[in-house]
Amino acid sequence: MIHDYRKLTALGVALLLAGCNTPTKQPALTPPVSTVQSEVRVPHMFGDNMVLQEGATTAIWGWAEDGAVVTVKFCGETVWAQAKDGKWMAQLHNLTPGGPDTLTISAANTLQFTNVLVGEVWVAGGQSNMEFPLKNSFEAADDIAAATNSMIHFMKVPHTRLNAPTNDIRANWKESSPETVSGISAVAFYFARDLQAKLKVPIGVIESDWGGTSAESWMDYNYLNANPRWESEVIKEWTVEESHYQHSLESFRQKKRVAQESGAEFTNRPPRQPWKPAELYNGMIAPLIPYSMKGVIWYQGENNAGSLERAEQYHQLFPDLIRDWRSQWGERDFPFLLVQLAPFMDIQKEPRESAWASLREAQLKSTQSLPNVGMAVITDVGLEHNVHPTKKKPVGQRLALAALAIAYHQPIEYSGPIYKTMRKEGMHIVLTFDHVDGGLEARDGDLKGFAVAGPDEKFHWALANIQGTDKVVVYCPEVRNPVAVRYGWANYPVVNLWNKAGLPASPFRTDDFAK
């Protein structure tokens with residue numbers, strides 16, 4: 001089924017009603033008049049154990065015959081909607097955190113959903129490091145055993161690739177317990193656990209992720225197609241890749257058939273189909289809209305870091321993904337909290353260009369170019385030969401810190417040191433940082449991970465020392481006329497600059513040298 005509301009969400013919740021006789025500000029005192037008797041249906045994400053967003057205009061929607069009046073009752077509030085073009089939408093207003101309560105939706109039939117909570121709802125998206133299950137996380141056995149918490153609920157969206165947006169998913173909400181959380185995203189689990197402990201209100205997490213996926217597959221097709229760059233570099237490029245894939249697939253099938261007919265062993269693997277732009281948005285994000293939520297946590301980028309060109313593309317593509325989702329939900333600046341890529345692959349003996357470093361820079365810059373975007377830096381938890389570091393607890397904990405500061409305006413430090421300015425003093429460069437929270441510190445010995453370049457744009461490892469509370473002085477005897485500094489600019493950065501809040505500094509560069 002095509003998602004009927006998707007294109008309207010950018011205009012706001014009021015326009016989502018699309019002609020339905022439902023109030024946009026205050027609940028109607030009396031229901032619309034109708035003689036139509038019709039059964040009412042709702043998407044599967046409405047069900048027992050769901051969490052509704054507090055303090056917002058909360059949309060409840062579904063399907064019924066034209067003219068049918070649908071009654072929605074929850075927490076003492078009764079609202080009505082009249083179906084038009086086969087669909088209806090009602091609105092609940094300014095819900096107060098708490099529960100459990102029962103949500104009742106009725107027309108000719110009655111639907112009742114129990115153990116419904118009101119609290120903070122977050123969407124957890126991305127690829128395999130977000131999908132990484134709690135049961136495989138580092139030392140998670142005790143956390144799973146202690147996972148019983150009636151104030152935390154999860155819903156996991158099934159993997160779905162579609163050529164057009166759908167309006168429903170086969171998923172259901174589950175209360176946190178040792179029996180339900182082992183397959184849940186470890187990052188999402190630790191995020192929800194920390195957030196609930198701090199806010200003392202119910203937390204709902206909608207997990208929608210899939211390993212090995214690219215950012216463009218999570219974006220709306222119309223949004224991509226409206227941008228000439230993405231129409232050329234993403235949509236047309238996929239068409240070429242898909243054609244190559246189909247040829248490779250046919251060749252694979254022919255070779256397999258010949259081997260089977262001759263009785264020969266055939267161990268070749270089939271070619272991997274390229275991700276189609278928008279197909280995961282269609283199947284796994286569109287059906288969530290316009291479910292009211294607080295914000296998004298996001299862990300993705302590895303699949304867009306395969307080359308310097310792809311990483312450079314991410315500098316614009318990733319902010320556009322954030323803009324796209326905000327537009328679709330009709331929320332201009334809901335909190336979007338990302339995880340910067342962990343160290344991976346080779347430890348570099350000499351400074352050089354790195355697609356992974358460039359992509360981390362794209363992630364950092366998104367926090368500086370868009371409002372309410374935060375980032376968890378995890379340079380301390382990478383694995384050189386494994387793209388899936390198992391220490392997910394600090395990842396979720398740092399995302400929760402960002403949420404508390406950005407989404408809930410608590411006066412806490414949520415970020416490690418962020419490069420601010422530089423000035424040259426002879427053969428030295430003095431760097432200043434934001435988010436120092438009482439001062440900078442080097443963990444486990446002298447500062448490392450800094451490199452300096454002169455006008456020839458060739459980088460050399462440098463010595464670095466902390467000066468005062470917010471400065472680092474960088475020096476390299478091989479570079480008599482330094483013009484640029486890089487920190488952690490590598491696939492696998494070996495770095496140790498932190499602040500006294502216990503958070504690591506983001507890798508950065510001061511230059512804009514052409515690659």
Side-chain angles (χ1 to χ4, degrees), residues 1-20 43 45 59 61 63 84-87 89 123 125-127 157 159-169 206 208-210 213-243 273-293 295-296 298 300-301 303-304 310 313-334 336 338 362 366 369-371 373:
M1 299 178 69
I2 300 300
H3 194 292
D4 300 300
Y5 308 115
R6 179 179 59 91
K7 294 182 181 179
L8 299 175
T9 54
L11 301 179
V13 174
L15 294 182
L16 282 166
L17 303 177
C20 298
M45 68 182 302
W61 71 92
W63 306 277
K84 182 178 180 180
D85 298 330
K87 60 184 182 290
M89 183 177 290
V123 172
Q127 57 180 108
V157 177
H159 290 175
T160 308
R161 305 171 73 159
L162 292 176
N163 291 326
T166 184
N167 58 13
D168 202 2
I169 52 173
I206 301 172
S208 185
D209 44 32
W210 195 338
T213 55
S214 302
E216 55 267 31
S217 61
W218 293 101
M219 298 173 68
D220 173 47
Y221 181 87
N222 291 327
Y223 189 96
L224 290 167
N225 196 49
N227 184 315
R229 181 179 182 183
W230 307 141
E231 190 273 336
S232 173
E233 294 183 18
V234 171
I235 296 175
K236 287 186 177 179
E237 182 64 25
W238 172 82
T239 303
V240 173
E241 292 176 358
E242 178 68 11
S243 177
Q273 186 175 18
W275 292 102
K276 184 177 182 180
E279 65 178 340
L280 300 181
Y281 173 88
N282 292 337
M284 299 177 66
I285 299 301
L288 307 181
I289 302 170
Y291 197 87
S292 294
M293 52 85 169
V296 170
W298 179 259
Q300 189 275 334
N303 229 51
N304 289 83
R310 284 282 279 162
Q313 185 186 71
Y314 205 76
H315 282 245
Q316 181 179 342
L317 187 68
F318 179 53
D320 275 356
L321 181 148
I322 298 173
R323 294 186 185 99
D324 180 23
W325 283 27
R326 287 175 169 176
S327 174
Q328 300 304 331
W329 254 281
E331 297 287 344
R332 185 177 64 181
D333 57 358
F334 66 67
F336 198 106
L338 66 113
S366 72
S369 64
L370 294 174
V373 177

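- In terms of the side chain to side chain donor-acceptor pair (under 3.5 Å) criterion, E241 has no residue partners (sequence neighbours excluded).
- In this structure, the separation between CH2 on W238 and CG on L224 is 12.5 Å, given to the nearest 0.5 Å.
- Under the rule for a salt bridge (charged side-chain N to carboxylate O under 4.0 Å, His left out), the partners of D320 that lie at least two apart in sequence or sit in another chain are R323.
- For E231, the salt bridge (charged side-chain N to carboxylate O under 4.0 Å, His left out) partners are K236, not counting sequence neighbours.
- Applying the side chain to side chain contact (heavy atoms under 4.5 Å, CB included) test to A215 and every residue at least two apart in sequence or in another chain returns Q300, N304, Y314, L317, L321.
- L338 and S366 get closest at one heavy-atom pair: CD2-OG, 3.5 Å.
- Scored by the side chain to side chain donor-acceptor pair (under 3.5 Å) test, R332 finds no partners at all (sequence neighbours excluded).
- Remark: E233 engages R229, Q313 in a side chain to side chain donor-acceptor pair (under 3.5 Å) (not counting sequence neighbours).
- Applying the ring pair (Phe, Tyr, Trp, His ring centres under 6.0 Å) test to W275 and every residue at least two apart in sequence or in another chain returns W210.
- With sequence neighbours excluded, the residues satisfying ring pair (Phe, Tyr, Trp, His ring centres under 6.0 Å) with Y291 are F46.
- Evaluation of the side chain to side chain contact (heavy atoms under 4.5 Å, CB included) rule for I322 yields F318, R326, F336, L370, V373 as partners, not counting sequence neighbours.
- Partners of T213 by side chain to side chain donor-acceptor pair (under 3.5 Å), not counting sequence neighbours, listed by chain and number: W218.
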